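For reference, positions follow the sequence shown, starting with 1. None of the values given here were measured: they were computed from a predicted structure.
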Amino acid sequence: SSLYIIFFNVPWLPEKICLAGNACLIGVLIKDTKRTKIPDWLINIFRGNVLQEGSMEAQFNYYRTLVQQPASPVKEDYGTKENPLPLPTLVIRGLDDVAIRDSVFKTMQMYLKNNKLVNLENCSHWIQLD
């Protein structure tokens, strides 16, 4: 389910595909919600945002950094197994999310000391839209 990260690491190609046809693919992906019909005007806002100079590249660079420059945590870093983040943390998850695997949520307690997980049924990766 995370093979898209490998694709996102290909130079320039993901941007070219996602921005083709005035970011048509972005509109298709945003429409992949479970409960809500997203109005066209809102989809066009998402598409307009990624069409801004450098916006799509910046989003892909997040994934590129994960693969190309993995973090080397030090003992003092929060959010590591040795030093879990002590702040209260609320994580809201859509149970129909196809982008984030279940294992992420099962292991988060190792990194977040005081967390609460809320699972929402009939919600996709786009919880705020569902």
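Q128 CD: more than 12 foreign heavy atoms inside a 6.0 Å radius. Around CD of Q68, the count of heavy atoms belonging to other residues, nucleotides or ligands within 6.0 Å exceeds 12.
In terms of the side chain to side chain donor-acceptor pair (under 3.5 Å) criterion, T80 has no residue partners (sequence neighbours excluded).
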Mind listing the side-chain donor-acceptor pairs of residues 82-89 below 3.5 Å, one per line with the distance, residues two or more places apart or on another chain?
| residue | atom | partner | partner atom | Å |
| --- | --- | --- | --- | --- |
| N83 | ND2 | E76 | O | 3.4 |
| N83 | ND2 | D77 | O | 3.4 |
| T89 | OG1 | L87 | O | 3.0 |

Kindly list each side-chain donor-acceptor pair under 3.5 angstrom involving residues 40-51, sequence neighbours excluded, with atom names and distances?
| residue | atom | partner | partner atom | Å |
| --- | --- | --- | --- | --- |
| N44 | OD1 | R47 | NH1 | 3.4 |
| N44 | ND2 | D40 | O | 3.2 |
| R47 | NE | N22 | O | 3.0 |
| R47 | NE | A23 | O | 3.3 |
| R47 | NH2 | N22 | O | 2.7 |
| N49 | ND2 | I45 | O | 3.4 |

N/O donor to acceptor pairs below 3.5 angstrom from side-chain atoms of residues 103-119, sequence neighbours left out:
| residue | atom | partner | partner atom | Å |
| --- | --- | --- | --- | --- |
| T107 | OG1 | S103 | O | 3.0 |
| T107 | OG1 | V104 | O | 3.4 |
| N115 | ND2 | L112 | O | 2.9 |

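With hydrophobic clusters built from ILVMFWY side chains whose heavy atoms lie under 4.5 angstrom apart, V67 shares a cluster with Y62. Cluster membership for V98 and I127, using ILVMFWY side-chain heavy atoms within less than 4.5 angstrom, is not shared.
Distance check: N122 CG to D130 CG gives 8.5 Å after rounding to the nearest 0.5 Å. The line from CG of L19 to SG of C24 is 11.5 Å long, rounded to the nearest 0.5 Å. Atom CD of E57 sits about 13.0 Å away from atom SG of C18, to the nearest 0.5 Å.
For residues 12-21, the pairs satisfying side chain to side chain donor-acceptor pair (under 3.5 Å) are E15-R64, with sequence neighbours left out. Residue pairs meeting the salt bridge (charged side-chain N to carboxylate O under 4.0 Å, His left out) criterion with at least one partner in residues 18-28, sequence neighbours excluded, are absent. Within the structure, every pair that satisfies the ring-ring contact (aromatic ring centres under 6.0 Å, His included) test and touches residues 63-85, not counting sequence neighbours, is listed here: Y4-Y63, F8-Y63.
Side-chain contact between I17 and F7: present, with at least one pair of heavy atoms (C-beta onward) separated by less than 4.5 Å. At least one side-chain heavy atom of I92 sits under 4.5 Å from a side-chain heavy atom of L120.
Residues S124 and D96 have side chains that never bring a donor and an acceptor to within less than 3.5 angstrom of each other.
No side-chain donor-acceptor contact under 3.5 Å links D97 to the backbone of R93.
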